[in-house]
Amino acid sequence: MSDLLFVLKPVATRDPLRNVRAFRNSLLRWFGEHGADYPWRRTTDPYPILVSEIMLQQTTVGAVLQNRRFERFLSTFPDLASLASATEEELLRAWEGLGYYNRVRNLQKTARAVLEEHGGEFPTDPVLLETLPGVGRYTAGAVATFAFDRSAPIVDANIARVLTRLFDYRKPIETTASQDQLWSWASDLVPPRDARTFNSAFMELGQSHCSASSPDCLHCPARDFCATRDPEPLPAKKPRRKSVEVSEHVLFVRKRDGSVLLAQEAGSRRRGLWKLPERSHDQLADLPLLATRKYSITHHRVTVHIYRCPPSRIPARDPESHELFHAESALPDLPMPSPFRKALNALLRA
């Protein structure tokens with residue numbers, strides 16, 4: 001933290017727990033004037049709220065808003081029944097660009113469970129919501145509070161950041177003890193009524209004034225309640241895993257009729273998605289290199305080397321792999337990881 005920010009950071013004059021009503025009112029007043037108008041905030045229907053919460057796990061608000069992904073998904077699957085009956089290919093295509101594709105598979109399992117076990121009606125109790133497939137403590141609390149205005153605590157990355165700064169909590173937050181402490185504070189702070197608005201305000205405070213890299217302490221509505229004098233290092237976290245450099249060597253094979261060879265992913269992370277088929281570097285060393293692209297996934301930094309290969313020279317593949325030629329007209333409807341979609345589009349335009 002800069003020396004200037006340390007000097008200017010307001011000193012807390014009130015404790016958020018001992019002055020909980022004043023703390024809540026400060027956030028609610030600020031949110032009433034400055035709260036963002038996200039599409040999922042315009043409804044109390046638990047289905048679109050659940051969709052938004054699953055999308056926002058491990059994904060930024062900007063990425064979900066980009067290209068109207070939330071609205072497009074609901075246009076494709078407007079209700080539980082349409083989601084429950086979708087094929088995996090339809091699911092993956094609708095989720096493309098958001099990554100972590102097991103999230104949408106769990107979302108479909110949840111839709112089926114609500115239909116089959118709850119008569120198509122979402123439980124309103126966070127404890128019952130947490131029994132649904134893929135629904136953890138945070139998501140259960142979020143659906144309960146945003147759909148049903150239940151007084152349920154929620155702790156996402158934004159709220160965790162605000163809490164550690166409010167209470168100047170400097171222990172790594174990944175531990176069980178730290179998580180218990182954060183959830184305890186969140187439970188004490190959430191009001192018995194209008195929890196929907198309060199929790200929205202709490203989350204947005206972490207997105208705006210109490211952001212990770214540049215906290216705006218001077219204009220923060222919670223500045224009178226914030227104990228830390230040095231917010232930037234908070235929350236404390238365990239050291240990050242080092243990035244692993246990975247190289248992929250893939251083929252671009254196109255027939256005269258325009259069809260393109262693609263391989264279907266079999267791993268757990270991107271199972272069912274289509275990509276350019278991979279081979280060893282030795283198998284492709286004599287082929288012309290068309291392009292090199294980079295992308296990141298979890299702690300891996302991947303460099304993709306793309307080689308042009310005539311259909312007559314396709315190297316031997318793993319017999320367990322599934323590869324097919326697809327007509328160019330069919331490519332837009334195939335589910336595909338975003339890095340490969342962008343690469344393929346560029347190759348087809350070249």
Side-chain angles (χ1 to χ4, degrees), residues 16-17 20-21 23-24 27-28 31 35 38-59 61 64 70 73-74 77-85 100 102-160 162-163 173 176-206:
L17 294 178
V20 67
R21 184 174 295 180
F23 174 77
R24 292 166 180 163
L27 261 64
L28 291 172
F31 186 73
Y38 298 134
W40 47 88
R41 286 183 177 164
R42 302 171 197 159
T43 181
T44 57
D45 184 337
Y47 171 62
I49 287 172
L50 175 65
V51 170
S52 72
E53 291 300 332
I54 298 299
M55 281 190 173
L56 290 164
Q57 291 174 5
Q58 300 169 301
T59 306
V61 170
V64 173
F70 172 72
F73 187 90
L74 290 179
F77 306 117
D79 50 33
L80 289 169
S82 58
L83 179 60
S85 61
Y100 299 98
N102 280 335
R103 291 184 297 169
V104 75
R105 294 187 179 98
N106 284 331
L107 185 59
Q108 185 181 57
K109 292 176 184 176
T110 298
R112 290 171 175 169
V114 173
L115 290 170
E116 296 167 6
E117 300 169 20
H118 299 276
E121 298 292 330
F122 277 82
T124 63
D125 187 335
V127 175
L128 289 178
L129 283 165
E130 200 170 342
T131 66
L132 296 172
V135 174
R137 187 178 184 182
Y138 166 77
T139 304
V143 173
T145 192
F146 297 137
F148 306 114
D149 205 20
R150 294 289 296 264
S151 182
I154 58 174
V155 179
D156 71 340
N158 291 299
I159 289 178
V162 175
L163 288 170
I173 62 169
T176 300
S178 291
Q179 285 297 306
D180 288 345
Q181 178 63 80
L182 295 176
W183 279 92
S184 176
W185 282 327
S187 182
D188 291 339
L189 293 173
V190 67
R193 291 180 296 277
D194 204 16
R196 171 188 169 98
T197 307
F198 175 81
N199 279 334
S200 295
F202 214 176
M203 293 174 70
E204 188 148 326
L205 183 65

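Since we're looking at a predicted model, the values are computed, not measured.
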Quiz item: What's the verdict on side-chain contact (heavy atoms from CB on, under 4.5 Å) for Phe77 and Leu107, showing C-alpha distance, side-chain angles and the deciding distance?
Solution: CA-CA 11 Å; Phe77 306 117; Leu107 185 59; over 6 Å; no
Exercise. Just jot down the side-chain hydrogen bond (donor to acceptor under 3.5 Å, both in side chains) partners of Ser82, sequence neighbours excluded, or say none.
Key: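 Partners of Ser82 under the side-chain hydrogen bond (donor to acceptor under 3.5 Å, both in side chains) test: Asp79.
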Quiz item: How would you list, by chain and number, every residue that makes a side-chain hydrogen bond (donor to acceptor under 3.5 Å, both in side chains) with Arg42, sequence neighbours excluded?
Solution: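 Result, side-chain hydrogen bond (donor to acceptor under 3.5 Å, both in side chains) vs Arg42: Asp37.
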Ignoring hydrogens and angles, write down the donor-acceptor pairs under 3.5 Å from the side chains of residues 195-205, residues two or more places apart or on other chains.
{"from": "Arg196", "atom 1": "NH1", "to": "Thr43", "atom 2": "O", "distance (Å)": "3.2"}
{"from": "Arg196", "atom 1": "NH1", "to": "Phe146", "atom 2": "O", "distance (Å)": "2.1"}
{"from": "Arg196", "atom 1": "NH2", "to": "Arg41", "atom 2": "O", "distance (Å)": "3.1"}
{"from": "Arg196", "atom 1": "NH2", "to": "Thr43", "atom 2": "O", "distance (Å)": "3.0"}
{"from": "Thr197", "atom 1": "OG1", "to": "Asp194", "atom 2": "OD1", "distance (Å)": "2.7"}
{"from": "Asn199", "atom 1": "ND2", "to": "Thr145", "atom 2": "OG1", "distance (Å)": "3.3"}
{"from": "Asn199", "atom 1": "ND2", "to": "Ala152", "atom 2": "O", "distance (Å)": "3.0"}
{"from": "Ser200", "atom 1": "OG", "to": "Arg196", "atom 2": "O", "distance (Å)": "2.9"}
{"from": "Glu204", "atom 1": "OE1", "to": "Ala36", "atom 2": "N", "distance (Å)": "3.3"}
{"from": "Glu204", "atom 1": "OE1", "to": "Arg41", "atom 2": "NH1", "distance (Å)": "2.5"}
{"from": "Glu204", "atom 1": "OE1", "to": "Arg41", "atom 2": "NH2", "distance (Å)": "3.1"}
{"from": "Glu204", "atom 1": "OE2", "to": "Ala36", "atom 2": "N", "distance (Å)": "2.8"}

Return all side-chain donor-acceptor pairs below 3.5 angstrom for residues 119-140, not counting sequence neighbours, or 'none' if the list is empty.
{"from": "Thr124", "atom 1": "OG1", "to": "Arg150", "atom 2": "NH1", "distance (Å)": "3.4"}
{"from": "Asp125", "atom 1": "OD1", "to": "Val127", "atom 2": "N", "distance (Å)": "2.9"}
{"from": "Thr131", "atom 1": "OG1", "to": "Leu128", "atom 2": "O", "distance (Å)": "2.5"}
{"from": "Tyr138", "atom 1": "OH", "to": "Glu53", "atom 2": "OE1", "distance (Å)": "2.8"}
{"from": "Thr139", "atom 1": "OG1", "to": "Gln57", "atom 2": "NE2", "distance (Å)": "2.8"}

Kindly give the heavy-atom pair with the smallest separation between [X] and [Y], and that separation in Å.
{"X": "Leu115", "Y": "Ala84", "value": "CD1-CB, 3.7 Å"}
{"X": "Ile154", "Y": "Gly141", "value": "CG2-C, 3.4 Å"}
{"X": "Pro46", "Y": "Val143", "value": "CB-CG1, 4.1 Å"}

Self-check item: Result of checking Leu83, Leu80, Leu50 against Val114 for side chain to side chain contact (heavy atoms under 4.5 Å, CB included)
Solution: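 By the side chain to side chain contact (heavy atoms under 4.5 Å, CB included) criterion, Val114 pairs with just one of Leu83, Leu80, Leu50: Leu80.
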Is any side-chain heavy atom of [Y] closer than 4.5 Å to one of [X]?
{"X": "Pro48", "Y": "Phe70", "value": "yes"}
{"X": "Val64", "Y": "Tyr38", "value": "no"}
{"X": "Val51", "Y": "Trp40", "value": "no"}

Self-check item: Gap separating the CD1 atom of Ile54 from the CD atom of Gln108, nearest 0.5 angstrom
Solution: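 One finds 13.0 Å between CD1 of Ile54 and CD of Gln108.
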Quiz prompt | Pairing residues for Gln58 by the side-chain contact (heavy atoms from CB on, under 4.5 Å) criterion, not counting sequence neighbours | solution =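 side-chain contact (heavy atoms from CB on, under 4.5 Å) check on Gln58 returns Tyr100, Arg103.
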Listed pairs under 3.5 Å, donor-acceptor, residues 180-193 side chains, sequence neighbours left out:
none

Practice problem: Would you please test Ile159 and Asp156 for side-chain contact (heavy atoms from CB on, under 4.5 Å) and show each step? | Solution: CA-CA 5 Å; Ile159 289 178; Asp156 71 340; 3.4 Å; yes
Quiz item: Could you go step by step and tell me if Lys109 and Asn106 meet the side-chain contact (heavy atoms from CB on, under 4.5 Å) rule?
Solution: CA-CA 5 Å; Lys109 292 176 184 176; Asn106 284 331; 3.9 Å; yes
